[in-house]
Amino acid sequence: MKRRDFLMLGAAATAAGAIGAPAFAQAKLVLKATDVHPLGYPTVEAVERMGKKLDAATNGRISIQMFPAMQLGGEKEMIEQAQVGALQLARISVGPMGPLVGEFNVFNLPFVFRDAAHMEKVIDGPIGDELLKKLSDHPTAGLIGLCYMNAGSRHVYNSKKPIAKLEDLKGLKIRMMGNPLFVETMNSLGGNGVAMGFDQLINAMQTGVVDGAENNEPSYDSGQHYRYAKYFSKTGHLMIPELLVFSKVSWEKLSKDDQALIGKLAKEAQQEQRKLWYERENESIKRMKDAGVEINEVADRKPFQDAVKPVWDKYGGAHKTLIERIQAVK
Ligand code: GTR
């Protein structure tokens with residue numbers, strides 16, 4: 001599929017519109033979807049299953065074609081392509097969305113969620129919906145927020161040594177996602193945060209540009225990061241949900257009924273992905289152990305939580321009410 005296809009279908013729909021049919025009523029529509037992760041990864045699998053349901057519900061009129069494993073570039077490129085309508089569905093992290101919609105940075109604050117159950121309750125509830133709407137209503141973001149997905153907790157891994165206490169991070173160059181909040185988080189923990197795309201990480205670890213990175217077990221495992229960074233330390237400093245977004249320019253060409261159907265199936269995908277997530281997390285931990293990864297717990301996370309206070313002040317200061325509402329979710 002080339003990006004022109006969606007636009008050509010758009011032209012067909014306009015022609016159909018001229019004779020009074022709703023947009024895309026007659027046209028066969030293939031939605032391009034992308035993800036940095038490979039086939040079989042929970043987010044990829046959930047979007048593919050959503051595509052099958054969409055196909056069935058529309059008698060083949062609308063389907064999803066998945067481009068996994070960074071085939072269309074890293075997350076930055078995915079977002080840019082969605083913004084111009086070159087692809088329709090991008091599964092990205094909330095991480096890079098913080099600079100666009102400030103409220104998302106509250107989800108990006110280190111240690112903001114007590115545990116996975118807390119995070120799930122927040123994204124499944126009114127706060128989750130409000131933030132999706134904030135993204136959809138954003139005047140220049142060019143994206144529709146469809147749903148969230150699980151991404152576990154992020155832990156630091158590196159090639160040098162286990163991180164058991166805060167001081168162990170000193171001097172380590174750790175790749176962080178592209179959002180200043182994350183670099184500042186790593187720096188406040190004593191390490192050296194280096195911002196780069198997920199697509200550049202393997203190369204950077206291989207060449208020693210960074211000593212390691214931080215992520216959940218399934219990303220570490222499926223990206224085979226253990227080949228370059230065998231110390232995996234359970235810092236659990238971030239718990240960032242994933243997002244499924246739709247290109248706004250493409251969205252506006254859909255009929256209201258099709259929008260509602262896609263919105264509903266995305267919400268179902270949010271719940272379906274969660275089951276796949278927990279299975280995958282367990283599989284990944286097993287594979288990591290088999291691969292000889294040295295996994296260590298961090299017995300006392302309190303010094304880590306204290307160290308990131310400046311990040312909370314800087315990025316959370318403007319969103320005190322939202323933070324309180326999140327904390328009040330039991
Ligand atoms: C993963 C997430 C990706 C990407 C990646 C990263 O956990 O699923 O969307 O954000 O982390 O570190 O860039």
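Quick note: residue numbers are just sequence positions, from 1. First listed ligand is number 1; within each ligand, the first listed atom is number 1. The structure displayed is predicted, hence computed values, not measured ones.
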Which residue supplies the protein heavy atom nearest to [atom], what is that atom called, and how far is it?
atom	result
atom 4 (C) of ligand 1	E75 OE2, 3.2 Å
atom 13 (O) of ligand 1	R175 NH2, 3.0 Å
atom 7 (O) of ligand 1	N215 OD1, 2.7 Å
atom 8 (O) of ligand 1	E242 OE2, 2.5 Å

- Message: Consider side chain to side chain contact (heavy atoms under 4.5 Å, CB included). Of V209, D211, V210, N158, which one does R175 pass it with?
- Response: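 By the side chain to side chain contact (heavy atoms under 4.5 Å, CB included) criterion, R175 pairs with just one of V209, D211, V210, N158: V210.
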- Can you name the one residue among N192, V311, L169 that meets side chain to side chain contact (heavy atoms under 4.5 Å, CB included) with M186?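 Exactly one pass, corresponding to L169.
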- Message: If you take the centroid of each ring, where Trp contributes its six-membered ring, are Y157 and H225 closer together than 6.0 Å?
- Response: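 Here the rings of Y157 and H225 have centres that are less than 6.0 Å from each other.
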- Message: Please check whether E214 reaches ligand 1 - meaning an N/O of the residue sits under 3.5 Å from an N/O of the ligand, judged on distance alone.
- Response: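 In this structure, E214 places no N or O atom under 3.5 Å from an N or O of ligand 1.
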- Task: Check whether any N or O atom of Y41, backbone or side chain, sits under 3.5 Å from an N or O atom of ligand 1, and answer yes or no.
- Result: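 For ligand 1, there is no N or O atom that lies under 3.5 Å from one belonging to Y41.
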- Message: Salt bridge check, D168 against K165: does any charged N sit closer than 4.0 Å to a carboxylate O?
- Response: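 A salt bridge links K165 with D168.
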- Task: Return yes when G95 approaches ligand 1 closer than 4.0 angstrom through a heavy atom, no otherwise.
- Result: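 The answer is no: ligand 1 sits nowhere under 4.0 Å from a heavy atom of G95.
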- Query: Hey, any chance I285 and Y226 share a hydrophobic cluster, counting ILVMFWY side chains that come within less than 4.5 Å of each other, even indirectly?
  - Reply: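 In one cluster with I285: Y226, no.
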